[in-house]
Amino acid sequence: MELNQLTIREVHEKLQSGEISSLDLVNACIERIKKTDKKLHCFLATDFDNAIKQAKEVDKKIKKGGKLKILEGIPCGIKDLILTKGITTTASSKMLENYVPLFDATVIKRLKDNGAIILGKHNCDAWGHGGSTENSDYGPSHNPWDLERVPGGSSGGSAASTASDQVIYSLGTDTGGSIRCPASHCGCVGFKPTYGRVPRFGTIAMGSSLDTIGPIAKCVDDAAIILNIIAGLDPKDSTTLPKEVPDYTKMKDKGVKGLTIGLPKEAFGKGLQPEVKSLMQIAIRDLEKLGAKFKEVSLKYLDYGLACYYIIMPSEVSSNLGRYDGIRYGHQSKEADNLFEIYTKSRAEGFGAEAKRRIMIGTYVLSAGYYDAYYKKAMQVRTLIKEDFEKVLSEVDLILMPTSPRPAFKIGENVNDPLTMYLEDIYTVTINMAGVPAASIPCGFVNNLPVGMQLIAKQFGEEKIFQAAYAYEAINGWNRIKPKI
Ligand code: GLN
């Protein structure tokens, strides 16, 4: 096995024992990136020199017999929506083309405090708007399982990069599925925490009441290690809660005996590709064999999730993107002759088509006369959705359903059809509206394309997801199968 194919725990142990060096590992990742990224286009910016410098320091520490922190000397990649001090961060948008942050997002600070080495920034749909990376202003990333296909999105660069072993792990963001969907399409473990579990400070806002940050990893254990580090109260994000962060890696050998898992009937009906459904059924049987009990449940508002999401999310988008006006933030047009033109031309030039579509929808549904009919109504339905999840998750420990209705689609297949594109998120967006945690765990392949299943828990119930995911992964190991690129 190549060094860059190892997991965090494997690397950590080998580094500590002196079996491998951080420099060799970092170089293995850099070589892999140089070899594959022309095809995959996962990276928008790299910071190799710094990474090498850091690796050498770690190796010196090991030689002196120093004890390594869990992420020390281990290279990762970061979605371009998360601010990294000194490394260009564009949100994959031309609007922020040359923006170099002066500070780190809280999650980055926490990774760095634990010794993480950042290799660079991962491509995504601009501002997180999308499910395929085709909305990146810098061109799409490609799926390592089939280069003609999308890696999912919006954190597609992160998932493709992790799946193809360019990095050991990565961080993504999830507002409506952007960690889980690409994790599913690339064969990674993607973990979207409870809203408020992981601080958003320093992450470019998409929909502030929906945004979450989490790991995209090669195995459940790595996701647990990362979440342990990035979760927890942050005085700079008032939506984080002063709740203790349990050690998620402790769930490793708990098994699933005694867990009851709900299967929402609404999620297994029309629209779900039969081959994906069969994989879900096999996964259910596996978990049953391990001792979990299953029960049919009903999430009666699941069908309304998408419609509400595409009102609430654009409303928040239109407000969050208001600051990029060429004066306060972002690209400034060279064609402008007066203040009004600075605003209009800078925004016209800086934003791509999808960002504009969402700004217009958001502005429309928030405008006087339409607010009550759209935004207020959607917020009322959101409450029903939240209550729906609360009720079901008081009867069962977890919910299991697909992450995506089908495996990765071809690049270009949906670009002229935003509605079909939005439908790809049918199983994920509702979870963000309820604010509950969910993970996508690899559960097999359809025509050599990976498929993920989704495990959902009640708010701050991350441990149970890990409990089931650890047990399932231990008897399957779908995550260990590598794409040939
Ligand atoms: N694909 C969804 C959208 O386009 C989700 C995006 C996200 O989670 N950032 O909005």
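Counting starts at 1 for both ligands and their atoms, in listed order.
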(message) So, 4.0 Å and heavy atoms of Asp174: is ligand 1 close enough to count as a contact?
(response) yes
(request) Determine, using heavy atoms of Lys79 and all atoms of ligand 1, whether some pair is separated by less than 4.0 Å. (result)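 Flag not set, Lys79 not near ligand 1.
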For the pair [X] and [Y], find out whether any cationic side-chain nitrogen is under 4.0 Å from an anionic carboxylate oxygen.
| X | Y | answer |
| --- | --- | --- |
| Arg110 | Asp113 | no |
| Lys377 | Asp372 | no |
| Glu390 | Lys386 | yes |
| Lys458 | Asp397 | no |
| Glu387 | Lys391 | no |

(message) Counting only heavy atoms closer than 4.0 Å, does ligand 1 sit against the backbone of Tyr310, its side chain, both, or neither?
(response) side chain
(request) Have a look at ligand 1 and work out which part of Glu424, if any, has a heavy atom under 4.0 Å from it: side chain, backbone, both or neither. (result)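 It is neither; nothing of Glu424 touches ligand 1.
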(message) side-chain contact (heavy atoms from CB on, under 4.5 Å) for Phe201 and Thr240? Distances and angles first, verdict last.
(response) CA-CA 10 Å; Phe201 176 76; Thr240 54; over 6 Å; no
[X] neighbourhood, listing ligand 1 atoms whose heavy-atom distance to it stays under 4.0 Å:
| X | value |
| --- | --- |
| Gly131 | 1 (N) |
| Ser154 | 9 (N) |
| Gly176 | 5 (C), 7 (C), 8 (O) |

[X] N/O to ligand 1 N/O under 3.5 Å:
| X | result |
| --- | --- |
| Thr175 | yes |
| Gly130 | yes |
| Gly177 | yes |

Quick one: look up the protein heavy atom nearest [atom] and list residue, atom name and how far away it is.
| atom | value |
| --- | --- |
| atom 6 (C) of ligand 1 | Ser178 OG, 2.9 Å |
| atom 5 (C) of ligand 1 | Tyr309 OH, 3.3 Å |
| atom 2 (C) of ligand 1 | Asp425 OD2, 3.1 Å |
| atom 4 (O) of ligand 1 | Arg358 NH2, 2.8 Å |

(request) With rounding to the nearest 0.5 Å, note down the distance linking CD1 in Ile230 to CG in Asn114. (result) 11.0 Å
(request) Mind telling me whether His185 and Phe409 have parallel, tilted or perpendicular rings, with 30° and 60° as the class edges? (result) perpendicular
(message) Would Phe466 and Phe191 count as a ring-ring contact (aromatic ring centres under 6.0 Å, His included) here? Give the steps.
(response) CA-CA 10 Å; Phe466 279 115; Phe191 205 105; 4.4 Å; yes
